[in-house]
Number of protein chains: 2
Amino acid sequence: MESVEFLERGKQLMNYIIDYFDTVDQRKTLPDVEPGYMKSLIPEEAPQKADEWKNVFGDLEKIIMPGITHWQSPHFHAFYPSGTCYASILAEMLSNSLSCVGFSWASSPACTELEFAMMDWLAKMLQLPEEFLSTGEGGGVIQGTASESTFLMLLAARSKALSKHINSSKSIKKLVVYTSDQAHSSVERACLLAAVEYRSVPSNENEEMTGEALEEMIQKDIDNGLIPFYVVATLGTTPSCAFDRLLEVGPVCKKHDIWLHIDAAYAGSSFICPEFRPLLDGVEFADSFNFNPHKWLLVTFDCSTLWLKNKKYLVESFNVDRIYLESKEKEKLLDYRNWQIPLGRRFRSLKIWFVLRLMGINNLQSYIRKHVELAKEFENLVRSSEKFEITHPVTMGIVCFRLKGDDQLTKNLHDALYKDKRIYLIAGASKSRYYLRFVVCSQRTTSDDINYAWKVINELSMTSLRERL
Amino acid sequence: MESVEFLERGKQLMNYIIDYFDTVDQRKTLPDVEPGYMKSLIPEEAPQKADEWKNVFGDLEKIIMPGITHWQSPHFHAFYPSGTCYASILAEMLSNSLSCVGFSWASSPACTELEFAMMDWLAKMLQLPEEFLSTGEGGGVIQGTASESTFLMLLAARSKALSKHINSSKSIKKLVVYTSDQAHSSVERACLLAAVEYRSVPSNENEEMTGEALEEMIQKDIDNGLIPFYVVATLGTTPSCAFDRLLEVGPVCKKHDIWLHIDAAYAGSSFICPEFRPLLDGVEFADSFNFNPHKWLLVTFDCSTLWLKNKKYLVESFNVDRIYLESKEKEKLLDYRNWQIPLGRRFRSLKIWFVLRLMGINNLQSYIRKHVELAKEFENLVRSSEKFEITHPVTMGIVCFRLKGDDQLTKNLHDALYKDKRIYLIAGASKSRYYLRFVVCSQRTTSDDINYAWKVINELSMTSLRERL
């Protein structure tokens with residue numbers, strides 16, 4: 001493809017994208033296909049000769065779109081948002097054109113330096129303690145996902161613990177990780193990957209991890225000769241957006257010299273609003289903090305931002321030098337390659353820069369607040385109905401609710417919604433109650449969409465209740 | 001940014017990108033900045049109010065470009081290529097707009113199914129053994145980088161080994177990994193991350209790992225009660241593009257039931273040409289195989305393709321279920337979330353699809369062949385000079401060479417090139433000889449650029465030789 005064609009095709013594709021965003025609410029949110037649907041639509045081998053653009057472009061509606069779950073639809077209320085916006089899409093276009101691989105300072109100084117700057121900007125927007133800024137021992141780095149951040153910090157913590165307990169033989173077998181029973185699956189998975197013990201701390205009636213429950217478990221393990229070394233606290237859990245009691249958990253970690261990592265994947269973005277910032281109180285106890293601008297700050301996936309108070313356990317523990325990775329002395333400190341699992345890295349700070357500048361903090365705050373307001377609207381609708389009940393406090397853009405009565409009713413409703421495909425929500429279960437999670441996800445969601453979702457839910461709940469009779 | 005503005009800005013940016021590609025050869029390949037250059041150019045905090053596009057766009061030339069190492073320049077000859085092309089950039093624009101997170105089949109069926117299809121297309125283009133196709137126990141998956149693939153396969157191999165040696169206490173401490181002393185740093189780093197022993201097998205005079213050297217090391221470890229479990233063979237090493245002796249290494253791994261992983265990050269793309277396919281002979285012994293279409297197949301970074309013969313050690317070992325990850329029974333087998341370290345995943349198969357269709361296998365073969373020819377041209381220039389010598393056989397798009405005489409001469413030349421900044425090459429060292437690596441990287445490189453590089457090298461080598469007098 002030559003440059004003239006690129007310009008032509010690019011315009012066509014941009015118009016297609018604009019049209020997609022403008023009309024995505026008219027598509028079924030969940031695709032109407034069965035596993036294996038694409039097999040008959042795609043040849044078994046790559047073409048020998050170049051195909052024409054018009055065929056590829058035409059196949060988008062024929063082959064790709066029928067199988068897309070529309071995360072950008074205002075009727076998408078599952079998981080958590082996967083935000084994107086025009087500013088971010090443009091930044092990515094430039095980044096993909098430069099296609100520079102910034103593993104060291106010299107391999108692309110702008111890529112490294114803009115990332116340092118953006119991580120400081122974000123840290124200040126969240127009012128993170130100063131130790132997390134790049135001006136001292138700490139600093140921030142962009143990872144792909146929160147799962148990678150959790151795993152990487154576990155490895156850094158393990159490294160710190162092993163250097164402390166160097167005289168204890170078999171010490172890796174004695175290491176123990178703690179997190180709430182409400183924490184994301186990726187914490188347990190990180191323990192499997194790192195081959196260390198995993199403890200699930202029972203949450204309280206509000207699904208928060210308390211200092212008391214954590215302390216009890218840690219003390220028991222210490223008494224048995226084990227080595228507690230890593231705690232993951234969650235601010236805004238995946239099942240119900242609960243917040244662990246950081247002000248209790250923090251001192252417990254301090255007391256036992258345990259690495260405290262905070263996973264605020266979804267809720268973290270809200271801390272740019274002063275009214276939500278108190279939810280982050282206690283972050284001063286943390287060794288590392290992570291949230292995902294790709295969830296709720298309109299930066300296109302993937303962009304998971306991670307800060308450490310002291311990067312040395314990460315940078316020094318896993319440093320391997322080779323002549324082709326050689327850096328000048330004063331550049332070494334800036335080499336991001338030792339801050340992550342992969343060697344290569346994309347120019348992701350560009351999209352943060354575009355979004356923060358072209359939106360401004362004000363507009364991002366309004367965007368967060370609008371989602372929280374829309375969630376409140378949905379909460380009010382649920383509360384106004386005699387059939388439904390709210391199961392968890394609503395603080396962010398997520399509402400947990402269920403049909404009154406036994407779980408099967410809500411399960412039937414969930415099944416009916418999955419089959420219906422107009423809106424998409426997923427289920428949660430806690431303290432043996434089955435419920436549905438309604439999350440405001442799209443940048444384009446309005447009150448009309450909330451009412452639409454409520455109408456669909458009501459309509460299908462009638463069937464669900466009737467089936468029961 | 002509204003849709004009208006997106007279209008306007010997008011056109012402006014596309015023209016900027018076209019102009020960038022057309023004139024990148026006129027920029028210094030290495031940027032002329034010192035560490036910390038950006039500090040004075042960027043405010044210390046994010047803006048409260050939205051900034052105007054024209055300011056952000058204007059800052060590209062003021063703030064970003066002065067710090068870019070131009071990986072797309074025809075004068076970039078460092079590391080290995082980081083390919084990109086217009087077709088791939090367009091695919092990414094669409095992928096970033098859909099911004100669907102395809103961790104499970106249901107979370108975006110098209111994202112999952114196109115990836116299965118593309119991994120089979122590529123496998124067939126490389127004539128991988130049938131066991132690697134998705135039709136059986138095996139299959140392919142897109143990772144971010146080769147480092148992640150190496151690490152992930154190590155974890156899968158560890159899991160397999162531990163399940164076999166379950167009765168051996170402290171067995172994780174006994175596990176040993178083997179790779180050539182020419183292998184990429186990421187293998188040693190993977191061992192650090194996984195906390196297992198690492199062995200560097202001495203390569204022969206051609207920098208190949210032989211079966212004999214490997215067998216000797218393995219046997220010694222077995223005699224000492226250790227458990228060899230993972231071997232990484234490299235096809236096209238980073239220092240000099242050497243090829244390990246797969247047909248010898250394979251049977252050694254087979255004999256001792258050791259997981260054999262092949263890292264063909266750079267050279268892998270060349271196997272789509274029948275004349276280079278023999279270099280892959282012996283792949284039938286491998287448990288897993290990896291190469292990077294983002295290096296030499298014009299698919300924008302990141303896109304590292306990994307195949308396994310039997311995915312169960314990966315998928316079953318690290319599976320953690322939660323209600324929000326629930327899949328219907330028949331969809332489970334298609335969930336890519338257990339094939340990787342992160343949970344979330346981007347729609348990366350779209351760019352493979354665009355590139356393969358819009359280029360066709362023929363054009364991709366021509367592109368590979370052109371790079372190899374240009375390397376031969378450079379080799380001939382070096383051979384025609386009395387001052388220089390070729391240090392390694394030239395089989396792909398890389399030429400290793402040095403100034404005759406002691407290493408210091410070549411070191412001086414390297415320093416002079418780094419300071420000069422017109423072209424970018426990096427050094428290698430092996431068998432105590434210091435040399436320079438000249439790699440053909442850009443899609444736009446022509447004979448003129450080869451001659452230009454040769455002119456610059458000659459010019460600077462004069463200084464280097466004069467300094468010596």
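Residue numbers start from 1 in every chain, and the chains themselves are labelled A, B, ... in the order their sequence lines are given, proteins ahead of strands. Side-chain atoms are counted along with the backbone in the values below, which use heavy atoms only and exclude waters and symmetry mates.
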Side chain / backbone / both / neither for A:Met359 at chain B, heavy atoms under 4.5 Å: backbone
Quick check for you: among A:Phe21, A:Tyr16, A:Phe76, which has the greatest number of heavy-atom pairs under 4.5 Å with chain B? A:Phe21
Side chain, backbone, both or neither: which part of A:Phe57 has a heavy atom under 4.5 Å from chain B? neither
Any chance you could measure B:Trp353, atom CH2, to B:Ser95, atom OG, to the nearest 0.5 Å? 13.0 Å
Under 4.5 Å from any heavy atom of chain B - which part of A:Lys49: both
A:Ser317: side chain to side chain donor-acceptor pair (under 3.5 Å) partners, not counting sequence neighbours: A:Ser159
Which one of B:Asn319, B:Val33, B:Leu41 has the most heavy-atom pairs closer than 4.5 Å to chain A? B:Val33
Should we count CD of A:Glu44 as having more than 12 external heavy atoms under 6.0 Å? no
For the candidates B:Met38, B:Arg189, B:Lys124, which exhibits the highest count of non-hydrogen atom pairs separated by less than 4.5 Å from chain A? B:Arg189
Pairing donors with acceptors under 3.5 angstrom, does anything connect the side chains of B:His70 and B:Tyr424? no
Does any backbone or side-chain atom of B:Leu350 lie under 4.5 Å from a heavy atom of chain A? Answer side chain, backbone, both or neither. side chain
Portion of B:Ala429 that has a non-hydrogen atom of chain A nearer than 4.5 angstrom: both
Most heavy-atom pairs under 4.5 angstrom with chain B, which of A:Leu152, A:Thr238, A:Asp120? A:Thr238
Interatomic spacing from CD in A:Gln48 to CD in B:Gln365 - rounded to 0.5 Å: 6.0 Å
Between chain A and each of B:Leu193, B:Ile68, B:Leu122, count heavy-atom pairs under 4.5 Å; write down the option with the most. B:Leu193
If the plane angle is over 60° it's perpendicular, under 30° parallel, otherwise tilted; pick one for B:Tyr86 and A:Phe6. parallel
Who wins among A:Ile64, A:Ile426, A:Ile63 for the most heavy-atom pairs under 4.5 Å with chain B? A:Ile64
Over all heavy atoms of both residues, which pair between B:Val320 and B:Arg337 is shortest? Give the atoms and the distance, please. O-NH1, 3.2 Å
Need one label for A:Gln340: side chain, backbone, both or neither, based on atoms under 4.5 Å from any heavy atom in chain B. backbone
Side-chain contact, heavy-atom cut-off 4.5 Å: A:Arg346 with A:Asn96? yes
Can you name the closest pair of heavy atoms from A:Glu113 and B:Lys39 and give their distance? OE1-N, 4.4 Å
Using heavy-atom distances under 4.5 Å, tell me whether A:Asp302 contacts chain B through its side chain, its backbone, both, or neither. both
Contacting moiety of A:Phe301, where chain B heavy atoms sit under 4.5 Å: both
Under 4.5 Å from a heavy atom of chain A, the part of B:Asp19 involved: neither
Heavy-atom cut-off 4.5 Å, strictly under: side chain, backbone, both or neither for A:Ser147 against chain B? side chain
Under 4.5 Å to a heavy atom of chain B? For A:Arg437 that would be neither
Quick one: which of A:Leu356, A:Val56, A:Asn55, A:Leu343 has the most heavy-atom pairs under 4.5 Å with chain B, could you say? A:Val56
Could you look at A:Tyr80 and say if it's the side chain, the backbone, both or neither that has a heavy atom under 4.5 Å from chain B? neither
Measure the spacing between OG of B:Ser99 and CD of A:Gln72 and express it to the nearest 0.5 Å. 5.0 Å
Among the listed options A:Val24, A:Val4, A:Leu94, the residue most often paired with chain B at heavy-atom distances under 4.5 Å: A:Leu94
Under 4.5 Å heavy-atom distance to chain A, tell me which part of B:Glu52 shows up: side chain, backbone, both or neither. backbone
Heavy-atom proximity to chain B below 4.5 Å, by part of A:Glu5: neither
Using a cut-off of under 4.5 Å for heavy-atom pairs, which of A:Leu155, A:Asn363, A:Leu98 has the most such pairs with chain B? A:Leu98
Which bit of B:Cys100 comes within less than 4.5 Å of chain A, counting heavy atoms only: side chain, backbone, both or neither? both
Is chain A contacted by the side chain of B:Lys11, its backbone, both, or neither, given a heavy-atom distance below 4.5 Å? both
Which residues pass the salt bridge (charged side-chain N to carboxylate O under 4.0 Å, His left out) test with B:Arg357, sequence neighbours left out? A:Asp51, A:Asp59
Residue part contacting chain A, namely of B:His184, when any heavy atom lies under 4.5 Å: both
Could you check B:Thr145 against B:Glu148 for side chain to side chain donor-acceptor pair (under 3.5 Å), going step by step and ending with a plain yes or no? CA-CA 5 Å; B:Thr145 60; B:Glu148 283 167 281; 3.0 Å; yes
Nearest heavy atoms of B:Thr112 and B:Gly102, plus distance in Å: OG1-O, 4.2 Å
Atom group of B:Pro31 that falls short of 4.5 Å from chain A, counting heavy atoms: side chain
Side chain, backbone, both or neither: which part of B:Ile17 has a non-hydrogen atom closer than 4.5 Å to chain A? side chain
Below 4.5 Å from any heavy atom of chain B, which atoms of A:Phe347 appear? Answer side chain, backbone, both or neither. side chain
From the list B:Tyr20, B:Phe79, B:Phe151, the residue making the most non-hydrogen contacts under 4.5 Å with chain A is B:Phe79
Which atom names give the shortest non-hydrogen contact between A:Thr300 and A:Ile89, and what distance separates them? OG1-N, 4.2 Å
Using atom types as modelled and distance alone, determine if a side-chain donor or acceptor of A:Trp121 lies under 3.5 Å from a backbone N or O of B:Pro47. no
Can you tell me which portion of A:Pro66 sits under 4.5 Å from chain B's heavy atoms? Options are side chain, backbone, both or neither. neither
Quick one: CG on B:Leu13 to OG on A:Ser97, what's the gap to the nearest 0.5 Å? 7.0 Å
Looking only at heavy atoms, what is the nearest atom pair of B:Ser88 and B:Val355, with distance? CB-CG2, 3.7 Å
Need one label for A:Arg322: side chain, backbone, both or neither, based on atoms under 4.5 Å from any heavy atom in chain B. side chain
With a 4.5 angstrom heavy-atom cut-off, is it the side chain or the backbone of B:Asn362 that approaches chain A, or both, or neither? both
So, taking the atom named CD1 in A:Ile352 and the one named NE2 in A:His294, what distance separates them when rounded to the nearest 0.5 Å? 11.5 Å
Tell me, out of B:Pro43, B:Cys111, B:Cys191, B:Gly144, who's got the most heavy-atom pairs with chain A below 4.5 Å. B:Pro43
B:Ser186, part contacting chain A, at a heavy-atom distance under 4.5 Å: neither
Separation of A:Arg9 CZ from B:Phe354 CZ (nearest 0.5 Å): 11.5 Å
Turns out that what part of B:Leu30 lies under 4.5 Å from chain A's heavy atoms comes down to side chain
Contacting region of A:Leu364 [heavy-atom separation from chain B under 4.5 Å]: neither
Heavy atoms only: give me the nearest A:Tyr37-B:Ala110 pair and the separation to one decimal. OH-CB, 3.4 Å
